[in-house]
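A quick write-up on the structure given underneath.
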2 protein chains.
Amino acid sequence: MSLPATGRSWHLASRPHGTPVPENFALREEPVRAPGEGEVLVRNTHLSVDPYMRGRMNDQKSYVPPFALDQPMDGAAIGEVVASEAEGLVPGDLVVHNLGWREYATLPARYSGPVPRDTSRPSVYLGVLGMPGFTAWVGLREIAGLREGDAVFVSGAAGAVGSTAGQLARLMGASRVVGSAGSAAKVELLTTEYGFDAAFDYRAAPVREQLPEAAPDGIDVYFDNVGGDHLEAALTAMRTHGRIVLCGMIAQYNATEPPPGPNNLGLMVGKRLRAQGMIVTDHEASRPEFQKQVTAWVESGELRYRETVVEGLENTPEALLGVLRGDNTGKMIVRL
Amino acid sequence: MSLPATGRSWHLASRPHGTPVPENFALREEPVRAPGEGEVLVRNTHLSVDPYMRGRMNDQKSYVPPFALDQPMDGAAIGEVVASEAEGLVPGDLVVHNLGWREYATLPARYSGPVPRDTSRPSVYLGVLGMPGFTAWVGLREIAGLREGDAVFVSGAAGAVGSTAGQLARLMGASRVVGSAGSAAKVELLTTEYGFDAAFDYRAAPVREQLPEAAPDGIDVYFDNVGGDHLEAALTAMRTHGRIVLCGMIAQYNATEPPPGPNNLGLMVGKRLRAQGMIVTDHEASRPEFQKQVTAWVESGELRYRETVVEGLENTPEALLGVLRGDNTGKMIVRL
């Protein structure tokens, strides 16, 4: 095929104050660069939008650099190779890479990962077998040090990370798995499809009241995707020597004022709690083990997942806003 | 000698609301029980008062049971054996044990530890070679996992735990040691006698302003004895993969309302910080190694310590209040 002359990509037009608005994003047409030596040109088919991207819209030092103003945004994506100057990749191959938020991407082949050509659902490599699934696995295995018999609480448990974390906890030997989610329908999903022992709607009543009912004997591991009231309630519910995985604090990503912290941190001393922040990219060495173990669980049907699919590149910003609002069930995907 | 018929002991007369008042304590005369088989009778010479005792005045479940109303209070003490029905202990021997807050104690010999008879300063076994010193050592070694080259911040650094923690950090290879204390005189002591690289008076200006000046390149380990504003400032100053030892939160021991938590806990995710609470009694297995290493440093003069001594059993409650106010420099001791 002849190469496309131009492609569209989302640029960061301005930085948001609080919740992002449409004016913060601009869809622009740009020339497509032909691949050089060792590179491939990819036509993206699936884009990932993830909560952590909100932080990158601010101009602040963090573990990933912020999006630059008037430059293409990026993030995980899956696409089909349309031209290759790299050994081992030919047109038609599927790859996962990090130049999302656009139609066409030219990148070194070594910055891409393989996706089986015959897979029926390539987007799984953006979800349960991608960054969110790996995050859940690392959090339980390497941060919490999950042990057989632990009681586990997962917040934001209907999301891509949370739904995987809850199911993995059970598969790894947890005695009880409890989750919170933001609607009655999601709560229903947790206890039916995902096999949580108990779940509650954190919008229906205070977490500090619902968590003790869902976990009357306390919790050993808290997988925190939310922060705020969830973290405070979890500190109270934790048992001695409990471990907290600080994975994300979506409750405050759009906050314009610093949120108050939990008023019961002193409990960490007496109960000897450990809380630890994590960024999954620190753990690349463990990825082969993750892929082997979790691929087997997905193939056997023991590990389930859902996707919320938004159609069309033009709807990518709205998809990100939807994730921050909790519109999604499972992984939020933009299909091009 | 003939055994005393009675002895005085401090009882908890009522539970405090906020800062304890004299009416919460009652000094009462009680019969002295003669030692039974395997027991010793000890005349206490030095009593320990420690911040953790404030928590025991409340009726709340914690890692040590609360003091019972109208019963003798307890805590670490050193005394001289005056009668023994136990093998290996004879009158005149010095022991460290846990039945403080009283003149005479009858206890099984196996609940006591030896103090060398020829020591010039037995009270050191309540301080740098006792619980506070062991707490500092465990916090750095086993909780923080201190590494050569780490920059360390210690709050409440003129106290018994803090002054030892700062010096041990240096002896264990820290590249920079910074401390906070509650007066100009204490700050002076930190940088002269204890060898801190920098120190500041947390009552003179906000910690969030002073800490970055004292540690311009950030900190790898924060040894927290204070909580509150110190913890919030430390989270901002922490470097990637920093570790926080949650040892105590003296700022809030007398609080009547739950104190607000740090408003920047989200930094723990991006910087992959780890915060862990500790209780020294979990770490008894390490005590021989602590005693060997730290005794050598005390004897060589590399590890210094101070004591604030209050005279007389009747002043024990006031000594505890003094510790909670920060009146002490180094270990607070009551000498009988």
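Throughout, a chain's letter reflects where its sequence line sits, starting with A, and its residues are numbered from 1.
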Practice problem: Kindly determine whether B:Asp282 and A:His241 satisfy side chain to side chain contact (heavy atoms under 4.5 Å, CB included), including the steps that lead there. | Solution: CA-CA 11 Å; B:Asp282 288 344; A:His241 295 297; 3.3 Å; yes
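A 6.0 Å sphere centred on CD of A:Glu257 holds no more than 12 heavy atoms belonging to other residues, nucleotides or ligands. The neighbour count for A:Arg208 CZ, taken as heavy atoms of other residues, nucleotides or ligands under 6.0 Å away, does not exceed 12.
The CE atom of A:Met268 sits 9.0 Å away from atom CG of B:Leu231, with the distance rounded to the nearest 0.5 Å. Interatomic distance, NZ of A:Lys271 versus CG of B:Leu246, reported as 13.5 Å (0.5 Å rounding).
In this structure, the side chains of B:Arg272 and A:Gln276 stay at 4.5 Å or more apart for every pair of heavy atoms. Contact check for B:Ile143 versus A:Arg274: no side-chain heavy atoms found under the 4.5 Å cut-off.
Closest heavy-atom contact between A:Cys247 and B:Val269: O-CG1, 3.5 Å. Nearest heavy atom pair, residue A:Pro262 against residue B:Leu265, reads CD-CD1, 3.4 Å.
Here A:Asn263 is the residue among A:Asn263, A:Val245, A:Thr240, A:Val64 with the most heavy-atom pairs under 4.5 Å with chain B. Your options are B:Ala275, B:Pro258, B:Pro260, and the one with the most heavy-atom pairs under 4.5 Å with chain A is B:Ala275. For the set A:Pro259, A:Gly266, A:Gly277, A:Gly270, the entry with the most heavy-atom pairs within less than 4.5 Å of chain B is A:Gly277.
Heavy atoms closer than 4.5 Å to chain B are found in the backbone of A:Met278, but not in its side chain. Proximity to chain A is absent for every atom of B:Asp224, based on heavy atoms less than 4.5 angstrom apart.
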